[in-house]
There are 2 protein chains.
Amino acid sequence: MNGFSDGSSEQVTRRPASTDVSEGGSGLPEQAWTLLFELLHTHMRNFPALAAEFELSPVQAHVLRQLGEGALAMSTLAHYLSCDASNVTGLVDRLEARGLVERKSSEQDRRVKMLVLTEAGAELRGRLMARLGAPPPLIAAMPDEDLAALRDIMRRALKTQ
Amino acid sequence: MNGFSDGSSEQVTRRPASTDVSEGGSGLPEQAWTLLFELLHTHMRNFPALAAEFELSPVQAHVLRQLGEGALAMSTLAHYLSCDASNVTGLVDRLEARGLVERKSSEQDRRVKMLVLTEAGAELRGRLMARLGAPPPLIAAMPDEDLAALRDIMRRALKTQ
DNA sequence: TATTGTTATACTCTATAACTATA
DNA sequence: TATAGTTATAGAGTATAACAATA
């Protein structure tokens, strides 16, 4: 019993062992989400290896992703990463030691340290983002009709969020 | 320059700072993927907190997810997690200490140890899977028409994979 | 007083290398 | 010899608590 197959006895295609959130969820949202869930966890599983292509840990990859739009206070980064501020110190220490980011004291509030990418950091981030943006096989193999529909659906969903 | 905005000057709606993989990617797959990417990374960001609801680390949550379908050799689990076998020892030590899983020596090959969920482990896994299967707000808010289309598209994609 | 970032500490996750017990 | 799992070790990610500098 996994507490998730209730309320439906419709037959379900068995997917690889990775998931058994059965597709027979009660409603339409559950059905759609269960299928997306599959794609999503495949991506999560591959993310460390993807980051490693750039000699980054998964968290370091997230940091570089966040650091695209100009300077960011360390506390803001901690909030984005949903982690304690004390972690950001060590995280930034290591990225700074590699010459990818720099700490700059804010002039408005001298407690605050702003993070900016170095040139090397920006270059690496560019390659990382391009890699992240490359559609995985499952997406690349979709017919144009489905891709256009998917794009339009996701546009609407993200807009009304 | 992030190496990703090339080849298109169509106007793009700015989303929250979390991503700047611009939506104007060259082709349909890039456009669709970029939008899915947004949803996906929100989920990844929330995953540790979600696991913590059950007093599990993210990896422990993945282990419980994998351990649904009967016994699993430790080496198989290491493969699923894409990590070294030595990690699985400690990982399983902690889950076993909490009474969630058990090691059982295989009778065919006495080198192999099979992992099985205890009753408590299965119960916890059930609640975890139900939680994971609950559609996030962005999905829950979609109109039925979009949900049905999304479900059908993802069914086709996962089937032809 | 409150906030930003750091340090100290402890635990988990991760990889590598050396070891054991089986095969 | 090769494989499954363990142990030892080291580095990175995480949280909590105590602290310095600044507001």
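All values reported here derive from a predicted model rather than from experimental measurement. Reminder, nothing fancy here: chain letters follow the sequence lines and each chain counts from 1.
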Under-4.0 Å side-chain N/O to phosphate OP1/OP2 contact, A/Arg94 with D/dG11: no

Nearest-Å distance for atom pair CD/P, residues B/Glu96 and D/dG5: 13 Å

Closest to side chain of A/Asn87, choosing from C/dT7, D/dT14, C/dG5: D/dT14

Among A/Leu72, A/Leu81, A/Val92, A/Leu56, the one residue meeting side-chain contact (heavy atoms from CB on, under 4.5 Å) with A/Val63: A/Leu81

Whole-Å distance separating the CG atom of B/Asp84 from the P atom of D/dG11: 17 Å

Whole-Å distance separating the NZ atom of B/Lys113 from the P atom of D/dT7: 8 Å

Protein-nucleotide distance (B/His79, atom NE2; D/dT3, atom P), rounded to Å: 15 Å

Closest-nucleotide ordering on DNA chain D, the 5'-leading residue of A/Ser57 and A/Arg110: A/Ser57

Atom-to-atom span, CG of A/Leu56 to P of D/dA12 - whole angstrom: 13 Å

Options C/dT7, C/dT16, D/dG13, nucleotide nearest the side-chain atoms of A/Thr89: C/dT7

Atom-to-atom span, CG of B/Leu77 to P of D/dT6 - whole angstrom: 12 Å

Single-linkage hydrophobic cluster, 4.5 Å side-chain cutoff, A/Leu95 and A/Val112 together: no

Same cluster (ILVMFWY, side-chain, under 4.5 Å), B/Leu39 and A/Leu158: yes

A/His41 and B/His43 aromatic ring geometry - parallel, tilted or perpendicular at 30°/60° bounds: perpendicular

DNA chain C: 5'-proximal contact among A/Asp109 and A/Gly90 (nearest heavy atom): A/Asp109

B/Ser75 side chain near D/dG5 phosphate (N/O to OP1/OP2, under 4.0 Å): yes

Carboxylate-amine/guanidinium contact A/Arg103 A/Asp93, below 4.0 Å: yes

Minimum-distance nucleotide (side-chain atoms of B/Ala85 versus C/dT16, D/dT6, C/dC13): D/dT6

Closest-nucleotide ordering on DNA chain D, the 5'-leading residue of A/Leu91 and A/Arg111: A/Leu91

For atom NZ of A/Lys104 and atom P of C/dG5, their distance in whole Å: 16 Å

Rounded distance in Å - CZ (B/Arg98) to P (C/dT12): 10 Å

